[in-house]
Amino acid sequence: MSDATNAESNDPTSENAAPGKSAKKSLAVNLGVYTFARLALVVVIAAVIVGVGLLFGVEVPVLVAAIFSVLISLPLSLLLFKNMRIRVNESIAAVDEDRRAARADLQSKLRGEDGKK
C-alpha cells in the first residue's frame, strides 16, 4: 500500500468523522433546548406559587416555592416536553451508534483488517 493510500485511510477528516460531529452537535443542541425548557418551567411554576401566595396575602419563601416547583415540574415536564425528550433520546442513540461504529473500525484496524477487499 502506498503512503498516499495509507494517509487517506487514516485521515481524521474523512467521511467517518463527519457523521459523529453532526450527531454530537445535534445532541448538544437538543439537550440544551430540553434543559432550558425544564429550567424555565421550574422558574414559571415558582413564580406562580409566589404570585398566588401574594394574592392570598401569604408570603411564600422563595426557597419553599423553588422546592415545590421542582417537585411539580418533574412529572409535568414528562408530559409537556415529550417530543423534546424523544429527540434527546434519539440523539443519544445516534452518538452511541457512531461511537460503536468507530470502536468496531478501530478494533478491525488493530486486528489488521483494512475493510478493503
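Because the structure is a prediction, the values reported are computed rather than measured. When reading the values below, keep in mind they use all heavy atoms of this one structure, side chains included, and skip hydrogens, waters and symmetry mates.
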query: What is the distance from atom CG of L31 to atom CG of N89, rounded to the nearest 0.5 Å?
result: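 Spacing of CG (L31) from CG (N89) equals 10.0 Å.
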
Margin query: Please report the interatomic distance OG1(T35) to CZ(F81), rounded to the nearest 0.5 Å.
Written below: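 The CZ atom of F81 is 11.0 Å from OG1 of T35, to the nearest 0.5 Å.
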
List the atom pairs, donor and acceptor, that lie under 3.5 Å between side-chain atoms in residues 70-80 and the rest of the protein, sequence neighbours left out.
unit_1, atom_1, unit_2, atom_2, d
S73, OG, S69, O, 3.1
S73, OG, V70, O, 3.1
S77, OG, R38, NE, 3.4
S77, OG, S73, O, 3.0
S77, OG, L74, O, 3.0

_List the residues meeting side-chain hydrogen bond (donor to acceptor under 3.5 Å, both in side chains) with D96, not counting sequence neighbours, and say none if there are none._
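Listed in chain order: R100.
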
Grouping I, L, V, M, F, W and Y whenever their side-chain heavy atoms are under 4.5 Å apart, do [X] and [Y] come out in a common cluster?
X   : Y   : result
I45 : F68 : yes
V64 : V58 : yes
V42 : V88 : no
Y34 : I92 : yes

Q: Give a yes or no on whether R103 atom CZ has more than 12 heavy-atom contacts from other residues, nucleotides or ligands under 6.0 Å away.
A: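 At most 12 heavy atoms, drawn from other residues, nucleotides or ligands, come within 6.0 Å of this atom.
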
So, using side-chain contact (heavy atoms from CB on, under 4.5 Å) as the criterion, who are the partners of E59 when residues are at least two apart?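 Applying side-chain contact (heavy atoms from CB on, under 4.5 Å) to E59 gives none.
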
- Query: Taking the side chain from N30 and the backbone from S26, do they hold a donor-acceptor pair closer than 3.5 Å?
  - Reply: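 Judged by distance alone, yes, a pair lies under 3.5 Å.
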
Is the shortest side-chain heavy-atom distance between V33 and M84 below 4.5 Å?
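Yes, side chains in contact.
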
